Amino acid sequence: MNDTIISLDRHIMDEQRRYGGRGDFSAILSQIIFAAKVVAAQVSHAGLVEDILGRTGKTNVQGEEVQKLDVYANKVFINALNYIGKVCVMASEEENDMIRIPDEYPRGDYVVMFDPLDGSSNIDVNVSIGTIFGIYKRVTPDGDGILDDCLQPGHKLFGAGYIIYSSSTILVYSTGNGVNGFSLDPSVGEFVLSHPGIRIPPRGKIYSTNEGNYPYWKEGTREYIEYLKSDRNTRKAPYTSRYIGSLVADFHRNLLKGGIFLYPEDTKDPKKATGKLRLLYEANPLAFIVEQAGGRASTGYGRILDIEPTELHQRVPLIIGSREDVLEYETFAQKNQA
Ligand code: P6P
């Protein structure tokens, strides 16, 4: 038996001992791990389970058609967190309003935001999908959490992470002391340390964006993508294009290999005038992770983690990945504001 295996539970306990936590945050992470295992089990055979893959015919707050696995994952995360007495309020991409803690359960000191199953359009074509989560300390003293507890800037995050459901299920998280990745070993049903101390290369050679939006991008953005595709860039050779269409999958690849992901604002759809992706439960948690790994996350005009949120489901342009690549984009994006 290999005695160097470090389970995620052990890693969380080590972190708690090192930083003197009371165990509340650890309890939240442990429940997120449990929920991730439950969702992973369904995702792994979603192709076989007709009723999971079917469509509900309903749409969520984003106006996207809700598929049953979205609904299922949302309920799994809510039910895993609402009864433990560590959380005072939650928010989810799948819920219009904040998620109250049921009266019969105690309230706690933390706030959890999540996108329960990002990449919904890929669910029924067996492409990688993921869960994104962020955890804050509450700002109100007690009782039910309120909107002020949810609308906190990303630099106040206490911890954040994501789970990618793919050829293997990997959970990546940070509590502000570096980034570590854990792979789910289905033979023992545990997440074990597989990617210790993740650092994103300062510059990559991959760019990830939906070039179908090119006609609707602002001038500086278009010029940047043309620059990457030329031999004028610092590599003196075109970057490689990689785009899966699941934020978690595109982000995870670039985190490990280096590169830049861009979902800039576009002029086609008024809903995307400030970008498509959500600040609270998509951009902020991934920005926290990428900065902890030495990368950068920007709107093109400013640091994601510095944005003062105004709405639960507000959208932002998201430019995220290798630090030097994101900084270089920002020089081009200045033209967008001229
Ligand atoms: P588009 C998936 O629906 C998602 O929210 C993200 O996971 C992904 O990065 C983005 O939208 C893809 O959007 O417009 O390129 O299909």
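Note that the coordinates shown come from a computational prediction; the quantities given were computed from them, not determined experimentally. All ligand and atom numbering here is 1-based and tracks the order in the structure. All values below come from the heavy atoms of this structure, side chains included, with hydrogens, waters and symmetry mates left out.
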Would you mind listing which atoms of ligand 1 come within a distance below 4.0 Å of any non-hydrogen atom of [X]?
X      : value
Asn210 : 1 (P), 14 (O), 15 (O)
Phe261 : 9 (O)
Tyr243 : 1 (P), 12 (C), 13 (O), 15 (O)
Ser246 : 7 (O)
Gly119 : 2 (C), 7 (O)

- Item | Check: Ser298/Glu330 side-chain N/O donor and acceptor closer than 3.5 Å | yes
- Message: Considering both backbone and side-chain atoms of Leu247, is one of its nitrogen or oxygen atoms within less than 3.5 Å of a nitrogen or oxygen in ligand 1?
- Response: yes
- Query: N/O to N/O below 3.5 Å, does that happen between Asn213 and ligand 1?
  - Reply: no
Taking NZ, NE, NH1 and NH2 as the nitrogens, is one of them in [X] or [Y] under 4.0 Å from a carboxylate oxygen of the other?
X      : Y      : result
Asp14  : Arg18  : no
Arg232 : Glu226 : no
Lys75  : Glu94  : no

- Item | Glu211/Lys229 under salt bridge (Lys or Arg N to Asp or Glu O under 4.0 Å): CA gap, chis, key distance, verdict | CA-CA 12 Å; Glu211 293 203 57; Lys229 294 161 78 168; 2.8 Å; yes
- Note on the structure: Applying salt bridge (Lys or Arg N to Asp or Glu O under 4.0 Å) to Asp185 and not counting sequence neighbours gives none
- Message: Heavy atom to atom 4 (C) of ligand 1, shortest distance: which of Ile129, Asp266, Asp250, Asp118 holds it?
- Response: Asp118
